[in-house]
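Reviewing the structure listed below.
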Amino acid sequence: MIDIHTHVLPFVDDGSESLSQSLEMVKTACEQGVTDMFLTPHRRHEYNTTPEETIEVFNNFKKEVEKLDLPINLYLGNEIFYKIDTVDKLLNSHRLTMNNSKYVLIEFSTIYPIDVEEAVYKILRAGFIPIIAHVERYRYFTAENYFEVKKMGALLQVNADSIVGKEKRRRQKTIDFLFKQQLVDFVASDYHANRPNLLKEAYRVIEKRFGEEAAQVVFNLKAKEIIKG
Ligand SMILES: [Fe+2]
């Protein structure tokens, strides 16, 4: 499996406080069956590590992971909190794209409704492909919003813990809708040290409900495109 949304990189956000904690998280991901993992630290006002600093932490972390000789590849990105200046920041390389590609992992406010179609339009016009993080969480999104942003060219990611974890009950209806309408591009863990990694369990649920082929698409195949760039 390919996990495109994690907070495993130490020191840079609320994901992990220490190197040892992060190394444990990588081991757990391997046990879940993850072969490729994107480290996507938050980029929002309270977590403002620069791309250069983040790349340095990433390179050091990668060396530590290599010492463990685990069957996993690591890639860097950011989970970018969308604001009015996000496109400018992307164009000026002040935000990290996914493995240096045109793909960008974007989160929106879950509290204050934003014009998601306008945001997607601006990102696409600037030459980037938005992946909307945990798309099931934005309660102000309408069914039309989902269809429209997909049609425009955005990609949609849902969290494993909305399929099987503590979020399940609250998100069930939206998750069912998204899968039945075939709107989901990726399932990812959004792994933080203080939350369990539920990727494998989520895979089993999706496989059982929608078949192996559908599960392979959202847990593996579509993410390969990001790695390829
Ligand atoms: Fe996240």
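One-based numbering, in listed order, for ligands and for the atoms of each.
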Taking backbone and side chain together, does [X] place any N/O/S atom at a distance below 2.8 Å from the Fe ion (ligand 1)?
X    : answer
H192 : no
H134 : no
E79  : yes

Once you round to the nearest 0.5 Å, how far does CD1 of I106 lie from CD of Q157?
12.5 Å
Can you tell me how far CE of M1 sits from SG of C30, rounded to the nearest 0.5 angstrom?
11.0 Å
Between Q216 and Y203, do the side chains contain a donor N or O and an acceptor N or O under 3.5 Å apart?
yes
Check whether the side chains of E117 and N145 place a donor and an acceptor atom closer than 3.5 Å, and report yes or no.
yes
Sidechain-backbone polar pair: E53 side chain, T49 backbone, donor-acceptor under 3.5 Å:
no
Looking at D190, which of its N, O or S atoms is the nearest one to the Fe ion (ligand 1)?
OD1
Need the atom name: nearest N/O/S atom of H5 to the Fe ion (ligand 1).
NE2
